[in-house]
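Order of appearance sets the numbers: ligands from 1, and atoms from 1 within every ligand. No hydrogens, no waters, no symmetry mates; every other heavy atom, side chains included, goes into these values. Numbering of residues begins at 1 and proceeds along the displayed sequence.
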Amino acid sequence: MNFEYSDKVNGLRARLTDFMQEHIFPAEQEMHRQVAETPWSTPPLMETLKAKAKAQGLWNLFLPLNYGKYSGGLTNLEYAPLAEIMGQVIWAPEVFNCAAPDTGNIEVLAKYGNEAQKQRWLQPLLAGEIRSAFAMTEPDVASSDATNIATSIIRDGDDYVINGKKFYISGACRQQCQLLIVMGKTDAANPNRYLQQSQVLVPKDTPGVDIIRPMQVFGYQDAPEGHAEVIFDNVRVPANNLILGEGKGFEIAQGRLGPGRIHHCMRSVGAAQRALELMCKRVNERQVFGQPLSKQQSIREDIAKSACQIEQARLLTLKAAQKMDQEGNKAAKDLIAMIKIIAPNMALEVLDRAIQCHGATGVSQDTFLAHMYAGQRTLRLADGPDQVHMMQLGRELIKCYAD
Ligand SMILES: Cc1cc2nc3c(=O)[nH]c(=O)nc-3n(C[C@H](O)[C@H](O)[C@H](O)COP(=O)(O)OP(=O)(O)OC[C@H]3O[C@@H](n4cnc5c(N)ncnc54)[C@H](O)[C@@H]3O)c2cc1C
């Protein structure tokens with residue numbers, strides 16, 4: 001075990017930190033203003049910042065080495081502290097082309113796409129020219145059990161025809177979103193429920209794709225990303241838009257979710273670290289009952305507990321990332337489940353303490369705390385609710401002690 005970051009990683013951390021200080025933190029209010037003006041188009045400021053990040057080589061850092069020519073040249077372990085830095089601002093990962101759901105979709109296309117699919121969709125996604133969405137969850141079935149997904153994908157001659165309703169499809173509201181990866185059933189009668197599903201590439205402008213409304217998160221629209229309700233009404237796409245093959249939907253979903261989950265956790269650590277730093281500054285500045293807030297024992301305890309929890313989550317994230325690098329995503333699945341349970345809950349506790357010691361300012365638009373709290377709360381649902389990870393982790397642990 002080596003707890004030090006390598007020189008290469010420290011160099012990138014320094015460059016990324018400088019970029020955040022120079023270009024991202026000072027732009028937070030202006031980004032909110034531009035987003036409020038035209039919620040579903042990419043703000044001009046975002047394009048300017050993307051061009052700057054790309055020119056500095058701070059681009060596509062998330063794709064690990066086993067993706068060969070598509071990789072940003074880093075292992076998962078090396079990427080973790082960089083994602084942590086990006087995670088301090090909700091919209092910052094997009095500046096570096098490291099934002100979900102594109103990252104997961106890029107991994108799917110790079111891993112499972114055929115040459116034509118890569119040419120058409122992977123290249124512009126890697127270049128940050130378009131955005132994409134992943135459409136699995138449905139309002140009418142319990143989607144945390146993906147075998148319930150009911151959207152039909154039926155072969156008809158040289159096409160597939162898609163019918164169904166999805167919601168909370170992140171990114172689909174955006175004008176720049178051109179591609180939906182849709183999960184649905186090609187073989188609903190298959191006795192093996194894990195072979196019923198497939199994934200298919202659907203250009204967003206295909207007739208029959210109807211973006212009904214943006215869903216909210218605690219009243220936030222979460223623009224410019226947003227989370228759409230989408231209806232697929234006799235949507236017809238060529239048969240070669242199918243990814244990997246019929247019945248491969250679960251296999252692809254599993255390949256997609258491991259890295260996506262740990263990326264969220266890396267960013268949660270960054271969000272919590274920023275909250276802790278704000279909390280420390282705040283308690284040095286405020287006076288209550290004749291002395292600085294920082295002298296109150298309960299405040300010191302809040303700060304100490306937060307630092308302990310952040311470091312625990314950071315180390316578990318790094319351990320999971322290292323296992324992914326050394327033994328593969330499948331071997332690391334228990335550690336990924338652990339950190340997916342731990343990291344958003346940890347970030348929520350730290351953010352809650354930071355909100356409390358900021359008083360009313362903590363729930364206002366004047367700090368990043370309230371919006372980030374809403375975002376972290378959704379992570380206890382998205383990419384698998386806590387209970388599903390606990391169910392699977394508990395089952396694996398119990399198995400170890402079966403006779
Ligand atoms: C902000 C946000 C963004 C999202 N982005 C996307 C996206 O881009 N694409 C997409 O397809 N989906 C997306 N989702 C949807 C998300 O993946 C689903 O909400 C999640 O999988 C849960 O499915 P469900 O909402 O149908 O809840 P249900 O399946 O109805 O589950 C409800 C609750 O039941 C409980 N539960 C489930 N299983 C168990 C168990 N075994 N034991 C005990 N309790 C259990 C959990 O608490 C769970 O939250 C997003 C959601 C949010 C909030």
Side-chain angles (χ1 to χ4, degrees), residues 90-91 93-94 99-108 125 131-151 153 162 164-174 177 179-185 193 197-202 204 209 211-232 243 249-250 252-254 256-261 263-264 267-268 271 337 340-341 344-345 347-348 371-398:
I90 282 188
W91 49 265
E94 184 179 341
D102 289 323
T103 46
N105 293 341
I106 286 172
E107 289 190 47
V108 164
L125 280 169
R131 296 208 38 133
S132 60
F134 179 67
M136 185 183 80
T137 301
E138 300 178 2
D140 299 333
V141 296
S143 302
S144 52
D145 173 359
T147 61
N148 289 330
I149 297 302
T151 290
I153 305 176
I162 304 155
K165 185 178 183 186
K166 305 279 184 184
F167 84 155
Y168 278 93
I169 307 310
S170 302
C173 297
R174 296 184 75 156
C177 174
L179 172 69
L180 308 174
I181 298 184
V182 179
M183 178 127 160
K185 284 191 177 165
R193 288 170 67 79
Q197 309 275 351
S198 302
Q199 293 192 21
V200 66
L201 299 168
V202 179
K204 200 178 102 178
V209 176
I211 308 290
I212 300 292
R213 56 173 178 160
M215 305 301 299
Q216 296 187 353
V217 172
F218 294 113
Y220 289 98
Q221 284 206 318
D222 256 356
E225 184 189 29
H227 315 283
E229 180 170 316
V230 190
I231 287 188
F232 297 84
I243 308 175
F250 267 92
I252 301 168
Q254 289 312 315
R256 179 182 201 281
L257 285 177
R261 282 173 183 154
H263 294 166
H264 281 312
R267 290 187 288 262
S268 297
K340 179 65 175 62
I341 297 160
N345 281 291
L348 284 170
H371 193 185
M372 187 60 90
Y373 187 90
Q376 291 296 320
R377 182 62 184 84
T378 69
L379 283 185
R380 293 193 51 212
L381 300 165
D383 281 355
D386 289 0
Q387 288 77 10
V388 173
H389 296 298
M390 288 192 255
M391 173 187 76
Q392 286 163 355
L393 178 62
R395 184 188 59 206
E396 291 306 310
L397 295 174
I398 291 164

Atoms of ligand 1 close to H227 [distance to a heavy atom under 4.0 angstrom, numbered from 1]: 1 (C), 3 (C)
Ligand-residue contact atoms, ligand 1 with P385, heavy atoms, under 4.0 Å: 22 (C), 46 (C), 48 (C), 49 (O)
For [X] and [Y], indicate whether the former's side chain and the latter's backbone hold a donor-acceptor pair under 3.5 Å.
X: Y168; Y: Q216; value: yes
X: S144; Y: A142; value: no
X: K204; Y: V209; value: no
X: K340; Y: L379; value: yes
X: S132; Y: L179; value: no
X: Q199; Y: M183; value: no

Nearest non-hydrogen atom to [atom] belongs to which of [options]?
atom: atom 23 (O) of ligand 1; options: P139, S144, A374; result: S144
atom: atom 12 (N) of ligand 1; options: N105, D145, T137, L381; result: T137
atom: atom 30 (O) of ligand 1; options: A142, G260, P101; result: A142

Whether V141 lies under 4.0 Å from ligand 1, heavy atom: yes
To the nearest 0.5 Å, tell me how far [X] [atom1] sits from [Y] [atom2].
X: T103; Y: F134; atom1: OG1; atom2: CZ; answer: 12.0 Å
X: D145; Y: R193; atom1: CG; atom2: CZ; answer: 6.5 Å
X: D140; Y: T151; atom1: CG; atom2: OG1; answer: 9.5 Å

Among all protein heavy atoms, pick out the one at the shortest distance from [atom]; state its residue, atom name and that distance to 0.1 Å.
atom: atom 9 (N) of ligand 1; answer: F134 O, 2.8 Å
atom: atom 38 (N) of ligand 1; answer: V388 CG2, 3.6 Å
atom: atom 13 (C) of ligand 1; answer: Y168 O, 3.0 Å
atom: atom 26 (O) of ligand 1; answer: S143 N, 2.9 Å
atom: atom 40 (C) of ligand 1; answer: Q387 CB, 4.1 Å
atom: atom 41 (N) of ligand 1; answer: M391 SD, 3.2 Å

Could an N or O of ligand 1 be found under 3.5 Å from any N or O of [X], whether backbone or side chain?
X: E138; value: no
X: F167; value: no
X: S170; value: yes
X: D222; value: no
X: A135; value: no

Donor on one side chain, acceptor on other, R261 and H264, under 3.5 Å: no
Residue pair M136 / K166: nearest heavy atoms and the distance that separates them: O-NZ, 2.9 Å
Protein non-hydrogen atom below 4.0 angstrom of atom 32 (C) of ligand 1 present: no
